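By convention in this document, chain letters (A, B, ...) are assigned in the order of the sequence lines, proteins followed by strands, and residues within each chain are numbered from 1. Because the structure is a prediction, the values reported are computed rather than measured.
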Amino acid sequence: MAEALSALGEWERSDYAGTLRSEDAGRVVTVMGWVHGRRDHGGVIFIDLRDRSGLVQIVLDPERSALAHAAGAGVRLEFVIAVRGTIVPRSPETVNPDLATGAIEVVGDEVRILNSARPSPFPVDDAIDAAEAVRLRYRYLDLRRPRMFRNLWLRHRLAARTRGYLDAHGFVEVETPVLTRSTPEGARDYLVPSRVNPGTFFALPQSPQLFKQMLMVAGVDRYYQIARCFRDEDLRADRQPEFTQIDLEMSFLGRPAIFRLMEGLVAELFAEADVAMPPLPLPVLGYAEAMARFGCDRPDTRFGLELVDCAPVFAGSGFKVFADALAKGGTIKAIVAPDGSQLSRKDLDDLTEFVAIYGAKGLAWIRVNPDGWQSPIVKFLSDDERARLTAAAGLVPGNVVMLVADTPRIVHDALAALRLRLGAKLGMIDERKKHLVWVTDFPLFEYDEEHRRHVAVHHPFTAPVEEDLDTLERDPLAVRAQAYDLVLNGTEIGGGSVRIHQPTVQARVFGVLGIGAEEAQDKFGFLLEALASGAPPHGGLAFGFDRLVMLLAGEESIREVIAFPKTQKAMDLMTEAPSTVDARQLRELGIKLDR
RNA sequence: GGGGUCGUAGUUCAGCCGGUUAGAACGCCUGCCUGUCACGCAGGAGGUCGCGAGUUCGAGUCUCGUCGGCCCCGCCA
């Protein structure tokens, strides 16, 4: 049967459903929203009405209003209704303590059914048991769930607070182009063909990097933008092809002042999210120290299990695996689990399998039992080595030592991952804790074995540390960058640098990167000219806004804080983008497909 | 590009060692029910077991391929 729909008419909402309280008793209210639940007792009908603020119970009594009751009998889940009625305190035995509005209910006098709804493909409820593909296909229903709206709301509040803070500190919000130029270096670009200039392409920005530097040259002095960025790379739980950065740049400020301003911003955002902020100033960790202690440049500092350098222990070792690794310029490091009784033989086998993901060919382990060492490798170790290892790692009975011997890259990757996994498994990570740390003094370059050239660790516009300038060409890998990341519980939430503001330095860095004068002029001519036009010293950074919201919302995936995210194959299941296009569109663009 | 995992009713899942009629709960439909809030009671409809090959007397179940979701490695300045 077709239920009779009503027009909204002259009705206006008086209150959000979830905000009603005992103090409202006696008021006549008009509430509007979705039918979240319906309990029809034949006589009286209860309807849970949901809007973005929460739920309130509507009571429809045939003796009070036969019309309202009849309307209520016709509604189904997710119908859109408006109810006019009176707030009445519930009798004590019918109070629902699980509901914010549970002390009262709305006794309905008139019900307008504003729209019907087909049966929902999944319950619009915070129970998160619908498959993500189904949620994404019907994202508009998924977003009706209170948890999802809470995330959207938090995101909005954090953006608003960001604008407020930056405005108060003299930052100017400037929009930069989304249709821009493809540049070498960095991630794969999303390309947009130009119809007017056949055969040429715009790129969507990986970040507004060069534009914000131009704004500094322009004298804007302090710039920010909550900017959409695009990178055509493979996705992860914390990576989407389009994502949002709080992008900032400042002139005439060095690192200390930049840190101070940014710490102030982060503190505001933590406050907005009602999350305890660590004391300021935040700790600063050098890249070299981070790598040595944690094996990675974004350490989770909430727990120990730090790496132990065992290369000196096994110098000249008779154990072939260790000796070979060292001979080839590799290293040996270890993690010590304090209480080995928490790790079964099977656990150790699983961990061996786990580190293999990162290229480690094995995980040597040693149980330090009170009556001696138990280990597959103990027979290969000399008494000296055992003594040195005991001293280096501070071993006491009960410990389990896990060692990886390989190239530094593999040792660090494997042990950094192992450390996180062990920390979780051994219950050493306090989820309530929030640890923020700056990581600084990154190398300016690293060597790309595949392409046999130096590449920028951060980006090609990052300033070298001044006292390292002399060795730029002679020993590029030893040059430190004036770059910094902000790390929250092991996740990089922001990163930036002091930029090069002198054209000569920029040209030298391009040189190390293998970008000759001609190519530099072709691709970055505007930058070099701008730097030569009175560029002030400047620097800045960008926060990964999605990640920050995710962490402050307590979510595990960035998709939970993005209204319409894409799947791991970069598809939008709701609109079914990307899609093929008409032959005519391609013809206009001068594009022929070869598959 | 690679590894792992999942795919059965609208949804979440079960389905043994391959065995002939594929189940449950919630949702949906019909009827009953005046204080529920996971309302209750009675009845009913609903299935291309992701898709395609193969093995077999017989495949939801085994094999191969393929498509898709998620996690990870590579990649992501």
Table of protein N/O atoms under 3.5 Å from nucleotides 41-47 of chain B N/O atoms:
none

**Item:** Base of B/G4 paired with side chain of A/Glu353 (donor-acceptor, under 3.5 Å)
**Value:** no
**Request:** May I have the distance from A/Arg38 (atom CZ) to B/U36 (atom P), rounded to whole angstrom?
**Result:** 17 Å
**Request:** Dump the intermediate steps for ring pair (Phe, Tyr, Trp, His ring centres under 6.0 Å) on A/His41 and A/Phe46, then the final yes or no.
**Result:** CA-CA 8 Å; A/His41 288 251; A/Phe46 299 98; 5.5 Å; yes
**Item:** Whole-angstrom distance between B/G4 and B/C76, as gauged at atom P
**Value:** 24 Å
**Message:** I'd like to know if A/Asp247 pairs up with A/Lys212 as an ion pair, taking the criterion as any Lys NZ or Arg NE/NH1/NH2 lying under 4.0 Å from an Asp or Glu carboxylate oxygen.
**Reply:** yes
**Prompt:** Atom CG of A/Asp40 and atom C1' of B/G40: how far apart are they, to the nearest Å?
**Reply:** 12 Å
**Fill in**
Applying the 3.5 Å cut-off to both distances, the Watson-Crick or G-U partner of B/G47 turns out to be none
**Message:** Between P on B/G35 and CD on A/Glu93, what's the gap in Å once rounded to a whole number?
**Reply:** 11 Å
**Request:** Write down the partner of B/A24 under the Watson-Crick or G-U wobble criteria, each distance required to be under 3.5 Å.
**Result:** B/U12
**Message:** Base, sugar-phosphate or nothing for A/Ser207? Non-hydrogen atoms, less than 4.0 Å.
**Reply:** base
**Prompt:** In whole Å, what separates the C1' atom of B/G27 from that of B/U12?
**Reply:** 11 Å
**Message:** Please report the distance separating the C1' of B/U21 from the corresponding atom of B/G65, rounded so that it comes out in whole Å.
**Reply:** 32 Å
**Request:** In whole angstrom, give me the gap between the P atoms of B/C17 and B/C62.
**Result:** 10 Å
**Message:** Can you check the distance between B/U34 and B/C29, where both ends of the measurement are the C1' atom (answer in whole Å)?
**Reply:** 24 Å
**Request:** Ignoring hydrogens and angles, answer whether the base of B/C76 and the side-chain atoms of A/Arg239 contain a donor-acceptor pair closer than 3.5 Å.
**Result:** yes
**Request:** Would you please test A/Lys523 and A/Thr183 for side chain to side chain contact (heavy atoms under 4.5 Å, CB included) and show each step?
**Result:** CA-CA 7 Å; A/Lys523 302 209 165 105; A/Thr183 54; over 6 Å; no
**Message:** Test your reading of the model: is there a side-chain donor-acceptor pair from A/Thr94 to the backbone of A/Arg90, 3.5 Å cut-off?
**Reply:** no
**Letter per nucleotide, 5' to 3', of nucleotides 68-73 of chain B [B base touched, S only sugar-phosphate touched, - untouched; heavy atoms, 4.0 Å]** = SSBBBB
**Atom pair CE (A/Met550) and CD1 (A/Ile493), whose distance is rounded to the nearest 0.5 Å** = 10.5 Å
**Prompt:** Taking the six-membered ring of A/Phe243, is the NZ or CZ of A/Arg231 close enough (under 6.0 Å from the centre) and on axis enough (within 45°)?
**Reply:** no
**Rounded interatomic separation in angstrom, taking CZ from A/Arg135 and C1' from B/C6** = 16 Å
**Between P of B/G74 and CD of A/Glu449, the distance in whole Å** = 15 Å
**Item:** Most 5' of A/Val44 and A/Gly37 on RNA chain B, judged by nearest nucleotide
**Value:** A/Val44
**Request:** Using the six-membered ring wherever Trp is involved, compare the ring planes of A/Phe510 and A/Phe524 and label them parallel, tilted or perpendicular (cut-offs 30° and 60°).
**Result:** parallel
**Item:** Inter-nucleotide P distance (B/G15, B/G7), Å rounded
**Value:** 10 Å
**Request:** Please determine, for the side chain of A/Pro121, which listed nucleotide (B/C37, B/G10, B/C76) has the closest atom?
**Result:** B/G10
**Item:** Under 3.5 Å: donor-acceptor pair, side chain of A/Asp406, backbone of A/Ala360
**Value:** no
**Request:** Can you tell me the distance, in whole Å, between the CG atom of A/Asp485 and the P atom of B/C76?
**Result:** 15 Å
**Asked** Is a salt bridge present between A/Arg118 and A/Glu78, judged by a nitrogen-to-oxygen distance below 4.0 Å?
**Response** no
**Complete:** Readout for nucleotides 22-29 of chain B: B = base within 4.0 Å of protein heavy atom, S = sugar-phosphate only, - = neither; 5' to 3' it is -----SSS
**Message:** I'd like to know if the side chain of A/Asn151 pairs up with that of A/Glu555 as donor and acceptor (distance under 3.5 Å, no hydrogens or angles considered).
**Reply:** yes
**Complete:** Under a 3.5 Å limit on both distances, the Watson-Crick or wobble mate of B/U63 is B/A53
**Request:** Would you mind classifying the nucleic acid contact of A/Arg90 as base, sugar-phosphate or nothing, using non-hydrogen atoms under 4.0 angstrom?
**Result:** base
**Asked** What does A/Glu492 touch in the nucleic acid at a heavy-atom separation under 4.0 angstrom: a base, only the sugar-phosphate, or nothing?
**Response** nothing
**Request:** Tell me whether A/Phe122 is stacked on the nucleobase of B/U11, counting only the six-membered base ring and applying the 5.5 Å and 30° thresholds.
**Result:** no
**Item:** Closest nucleotide among B/C76, B/G35, B/U34 to the A/Pro62 side chain
**Value:** B/U34
**Request:** Remember a base hit wins even if backbone is also touched, and classify A/Val457 as base, sugar-phosphate or nothing at under 4.0 Å, heavy atoms.
**Result:** sugar-phosphate
**Asked** Between B/C37, B/U12, B/G35, which nucleotide gets closest to the side-chain atoms of A/Asp48?
**Response** B/C37
**Prompt:** Taking atom P in both B/C28 and B/G19, what distance in whole Å separates the two?
**Reply:** 35 Å
**Fill in**
CD of A/Gln206 to NE2 of A/His459, rounded to nearest 0.5 Å, is 11.0 Å
**Prompt:** Would you call A/Asp109 and A/Arg64 a salt bridge, taking side-chain N to carboxylate O under 4.0 Å as the test?
**Reply:** yes
**Request:** Could you please name the partner base of B/U30, counting Watson-Crick and G-U wobble pairs only when both distances are under 3.5 Å?
**Result:** B/A42
**Prompt:** Taking the same atom, C1', in B/A24 and in B/G18, what whole-Å distance lies between them?
**Reply:** 23 Å
**Pairing of A/Glu466 and A/Arg480 as salt bridge, 4.0 angstrom limit** = no
**Message:** Let's test this: given Watson-Crick or G-U wobble pairing with both distances under 3.5 Å, identify the partner of B/G68.
**Reply:** B/C6
**Message:** Can you tell whether the side chains of A/Glu233 and A/Arg239 come within less than 4.0 Å, N to carboxylate O?
**Reply:** no
**Asked** Any side-chain N or O of A/Arg39 under 4.0 Å from OP1/OP2 of B/U36?
**Response** no
**Request:** Whole angstrom is fine here: how far is it from NE2 in A/His36 over to P in B/C39?
**Result:** 9 Å
**Asked** Mind checking whether A/Cys229 and A/Pro208 have side chains closer than 4.5 Å, heavy atoms only?
**Response** yes
**Length of the line joining A/Asp129:CG and B/G10:P, which is rounded to integer Å** = 16 Å
